[in-house]
Amino acid sequence: MRSLYSILFRSYMVLALVPLVVLGIMLTVWIASVQIDASLRQEQAMAKHVAHNLRKHFSVLEDKLYSLNQYRNFAALSDKEMRNVAQEMIARKSSIYSIIILDERGLVKTRVSSNMVYDGSEPLDSTDSELFKRIVKTGQVNYGPVHGYSKSGESLMLVGVPLKDRATDRLEIVLLAEFRLDVVWKDVVEQNYHDGESVFLVAEDGYVLAHPNPSFVLAKRRLSLINGDRIRKSLDEKWVIGASADLNLGELTYKVVAEREVETALVPAISSAGIALFATLLTAALVFLATMRNVRRIANPVKLLTEAAHNIREEGFYPGVSVSGFKEIKELSLAFDSMTRKLQRMLEELENEVQIRKNSEEALLLSEERFRALHNASFGGIAIHEQGRILDCNQGLAEISGFDVDKLVGMDILQLISETSRSAVQNNIRNEVENSYEAKAIRKDGIEYPARLESRNIPYKGRLVQVLEFRDMTSQKRAEEFIIQNEKMMSLGGLAAGMAHEINNPLAAIVGSCQNLRNRLLKDSPINVKVAEESGTSFDSIVSYVQARDCDNMVESIYESGKRAADIVRDMLSFSRRNEKSLVSNKITDLMDNTIKLVSNDYDLKKNYDFKKIDIVKDYADSNCNVLCYSNQMQQVFFNLLKNAAHAMSDKEYVDDVPRLIIRTYSRENMSVAEIEDNGPGLSEEVRKKVFEPFFSTKGPGKGTGLGLSVSYFIIVKQHRGSMEVVSEPGKWTRFVISIPIEGPENVGGAGIS
C-alpha cells in the first residue's frame, strides 16, 4: 500500500527536480568550456612572455661577453691575462659556466670554467669546432645545442661570440661560452609561477631542457607537442591545459611550454558552477517546501501522535504535543499530557542530582589534568619529594637525569646530586629552604653538570611536601665563559697593539746595530782593513780577538733574539690590523691541501719527529664548495693548527696506534666548516679555556711565542667574522673547529669563539 509521502515525492521528482538538475549540468559544462578557453589564452600569453624574457636574458649575457672589447688591445694580452679576465667574469656572473678564448685561426688561447682551468692544448670537440666555423663565416653570435655536464648533471647552452678590432673591424678573438641553462631559467621563470602552473623549455626534438622538476631533465623525458591539443597529459601524467611559444636563438629554435593543471584552471568554473548549482538546489528546495507544506497539514498530526506513543513504549517519556486538527486526536493528546507530566517532573529531579555529581567529577579531573600538564610542560626538571624521597616527577627531570620516570619515583633525590654538593643540598632540604641556589648535579651516566635548584613547600595529597626544580646551566655557563673570554681577548688585543708600537722602534735599532757590528767586526771589506791599519793593527788581529772572546757569537745571539722579538711584535700587531687585501673565492679543501704540502717539510731532530710520519685522514664532505676568504690568512691558520697538532703528538708515546690527523670539511647552513683533529695527549679543561689567550703556551721557554692560536683566532673571528672552537678529551684527542661564512665576512655576522 503506497503512502501519501511516496506519491507526493514521485510527483516532485518528475515535475520539478529532474528538469532543474539537467539545466544545472548544461550550465556547468558551458562555464567549464569558457574557462578552458580563458586558461588557454593565459598560458599562451605566459609562454610568449617567458620566451621574450629568456631572449632578453641571453642578449644580456651576450653583451657581457662583448664587454671584453673594453680592453683596447685585448687580443694582445697574454694567455694568462686573458684567463684572469675570463675567470673574473665567471666569478662575477653565475650564469656563465665556462669560457674558451680562440684566435682567428681556431687555436685555443685559454680555457676556464667555474671550477677548474683546462690545459690550453686540449683540442676542441666537434660541436665547438662546428660552432667556431659558423661564427667565422657569419661574423655574428651563434648558438650551439644544449648538452648536459656529466659531473653535476646541469644543462649547458653553447654560444659563440666574435670580438672584432674596433678600429679595423677585423675578427681577432672568438669566445665560446657555456651558459648554465638552469641558472638562466631560474632567474627568468621563477617569479612567473602561479599555483598549479608549470613553465618549462623543450628542444626541437621534444627533449625537456629545463623544468621545475629536475628529474625530468636528468631522465631526458620527451614531450610531444600537437597543435590544437588544448588538454593533454603532462610529463607527470596529470591532465593540463597547455600552450607553447617559440624561442629563436640563432639557427636553433626551442619551445617554451606553459601548462596549468585542469583542476586549478577550472577553479573559477567550479565556483561559478557551484553558484548555479546552489541556485538550482534553492529553487528545488522552495518547490519541495511548497509541496510539503500541504502534506504537513494532513499527515503531521498523525505522525506526532505516533512518535509520542513510541517514546512512551521505548523510553517511558512523553515530551507533550499540541495537536490541532480533528477533535478525537486533540482529546487523545491531552490524555497523554496529563499521564506523563508527573513522570517528567520525577525524571528532571533525578537528572539534576546526577548532573551535579558529574560536574564535580569533571572539575576534579580537569584540575588534575591541568596540574599534570603544567607539571610536564615545565622547561626544567621537577621533583615532588618528602624529606628527599621522590613522590612524583615530570618528564623534564627524566630527560635531564637520564633515568626513566618510573625509576625516579621512590628514589632518593640526593642520588641526582654530585658528591661535592650533596651536603649543602641535604642541609637545604632539611631546613626547607625556599630559594634558588647552584649545585653540581650528576646524570645516570655519571657525567656532572652545573644546575640551578629552586625549592618550594606545597600541599600534596593532604600533607606538606617540597617541590624541587632542576635547571641545567651548562649552556648558560658556556655563554658566560665565552663572554669573559671574548672581552679578555679584545682587551689583550688592544694592549698588545700598543705595546708592539712602543717596542718596535728600539727593537729596530738593536737589530740594525747588530747587523752593523757583524759587518764591521767580521766582514773582510776594504774600509774595515783600512780603518784597522789606521788604528795601528790589522783586521785579521781584530777578527782573531773577536772570535777568541766569543764576541761574534754574542752579536749573533743578540741579532737572533732581536729577530725573535720582531716576530713577536709582528704577531702582536696582527691583533688590531685589518687585512686590506681583497677577498678571493677559494675551495677550503684546496687551501688545506696546499698547507699540508707546506707543513709536510716540518721536522725536528731534537724531538725526533717528522711530519711525513703522521697518518693524515681526509674526510672532505663538500669538496666543491667555494668560500670567499683571505687565502694567505686561512693558510696561516691551518699551518698553525697542523704544526701545533704535530708538536703535541710528538709528546705522546704510541703503543697500539700511530700519530694521526683527521681533517674534515663540510657545510652547515651558510657556513663552511673545517675540523682538524689529532690523537695526541689532549688538553685539560683549564688549558682548553686559555689556548686562545696571547702569550699563553704549553711549550717550554724559548720554544714558542704563545701567539700562534691568538693570531689564528683574530683571523677567523675578526677578519672573517667566523667562529673558532676547541674541544678535547684529555689523553685521547683534541679537535679545532673553524667556521667561516661562505659568502664572505661582509655579508654574515661573526659568531665568535666557543
Side-chain angles (χ1 to χ4, degrees), residues 353-482 684-685 688 727-732 754:
E353 184 176 353
V354 171
Q355 187 64 37
I356 291 172
R357 293 187 178 182
K358 183 178 180 181
N359 291 340
S360 299
E361 292 177 357
E362 289 179 352
L364 181 61
L365 181 61
L366 182 61
S367 177
E368 184 177 351
E369 289 179 352
R370 186 182 296 110
F371 170 77
R372 180 61 61 183
L374 292 174
H375 186 56
N376 286 325
S378 172
F379 292 103
I382 295 178
I384 300 174
H385 68 94
E386 186 175 25
Q387 292 300 316
R389 186 174 64 86
I390 299 177
L391 304 176
D392 195 5
C393 67
N394 68 343
Q395 185 62 32
L397 183 61
E399 294 174 356
I400 292 176
S401 65
F403 291 97
D404 295 333
V405 174
D406 296 339
K407 295 290 185 181
L408 289 170
V409 176
M411 182 186 293
D412 187 351
I413 203 168
L414 293 178
Q415 292 181 246
L416 305 179
I417 306 298
S418 174
E419 293 183 1
T420 58
S421 301
R422 282 182 185 173
S423 177
V425 175
Q426 188 175 21
N427 289 335
N428 290 338
I429 292 175
R430 186 182 300 113
N431 297 327
E432 298 183 351
V433 175
E434 288 189 329
N435 57 14
S436 62
Y437 54 92
E438 294 187 4
K440 280 286 187 179
I442 189 169
R443 295 187 174 89
K444 180 180 178 181
D445 54 9
I447 297 177
E448 295 184 356
Y449 64 96
R452 181 176 292 278
L453 307 181
E454 187 167 359
S455 180
R456 290 289 185 274
N457 296 322
I458 63 169
Y460 180 80
K461 294 184 179 180
R463 61 186 188 274
L464 190 66
V465 297
Q466 285 185 318
V467 58
L468 185 63
E469 182 182 23
F470 286 74
R471 290 275 185 173
D472 189 349
M473 304 294 290
T474 303
S475 298
Q476 181 175 339
K477 292 295 184 182
R478 288 179 179 173
E480 292 174 356
E481 177 187 322
F482 160 67
S684 65
E685 184 65 16
R688 186 190 69 81
V727 291
S728 179
E729 185 172 347
K732 293 185 178 180
S754 298

May I have all residue pairs that pass salt bridge (Lys or Arg N to Asp or Glu O under 4.0 Å) and include part of residues 420-441, sequence neighbours excluded? Glu438-Arg452, Glu438-Lys477
Minimum heavy-atom separation for [X] to [Y], with atom names?
{"X": "Pro459", "Y": "Leu464", "result": "N-CD1, 4.0 Å"}
{"X": "Gly388", "Y": "Ile429", "result": "N-CG2, 4.1 Å"}
{"X": "Asp472", "Y": "Arg443", "result": "OD2-NH2, 2.6 Å"}
{"X": "Pro730", "Y": "Ser684", "result": "CG-CA, 4.2 Å"}
{"X": "Leu391", "Y": "Glu386", "result": "CD1-CB, 4.0 Å"}

Is there a side-chain contact between [X] and [Y], using heavy atoms and a 4.5 Å cut-off?
{"X": "Thr474", "Y": "Pro450", "answer": "yes"}
{"X": "Gln426", "Y": "Ile417", "answer": "no"}
{"X": "Ile413", "Y": "Gln466", "answer": "no"}

Table please: side-chain donor-acceptor pairs of residues 400-410 below 3.5 Å, with sequence neighbours left out.
{"from": "Ser401", "atom 1": "OG", "to": "Leu397", "atom 2": "O", "distance (Å)": "2.8"}
{"from": "Ser401", "atom 1": "OG", "to": "Phe403", "atom 2": "N", "distance (Å)": "3.3"}

Which residues pass the side chain to side chain donor-acceptor pair (under 3.5 Å) test with [X], not counting sequence neighbours?
{"X": "Gln415", "value": "none"}
{"X": "Thr420", "value": "Ser418"}
{"X": "Glu419", "value": "none"}
{"X": "Asn428", "value": "none"}

Is a donor on one side and an acceptor on the other found under 3.5 Å between the side chain of Asp412 and the backbone of Leu414? yes
Nearest 0.5 Å, please: how far is [atom2] in [Y] from [atom1] in [X]?
{"X": "Arg463", "Y": "Ile458", "atom1": "CZ", "atom2": "CD1", "answer": "11.0 Å"}
{"X": "Tyr449", "Y": "Ile442", "atom1": "OH", "atom2": "CD1", "answer": "9.5 Å"}
{"X": "Leu468", "Y": "Arg456", "atom1": "CG", "atom2": "CZ", "answer": "11.0 Å"}

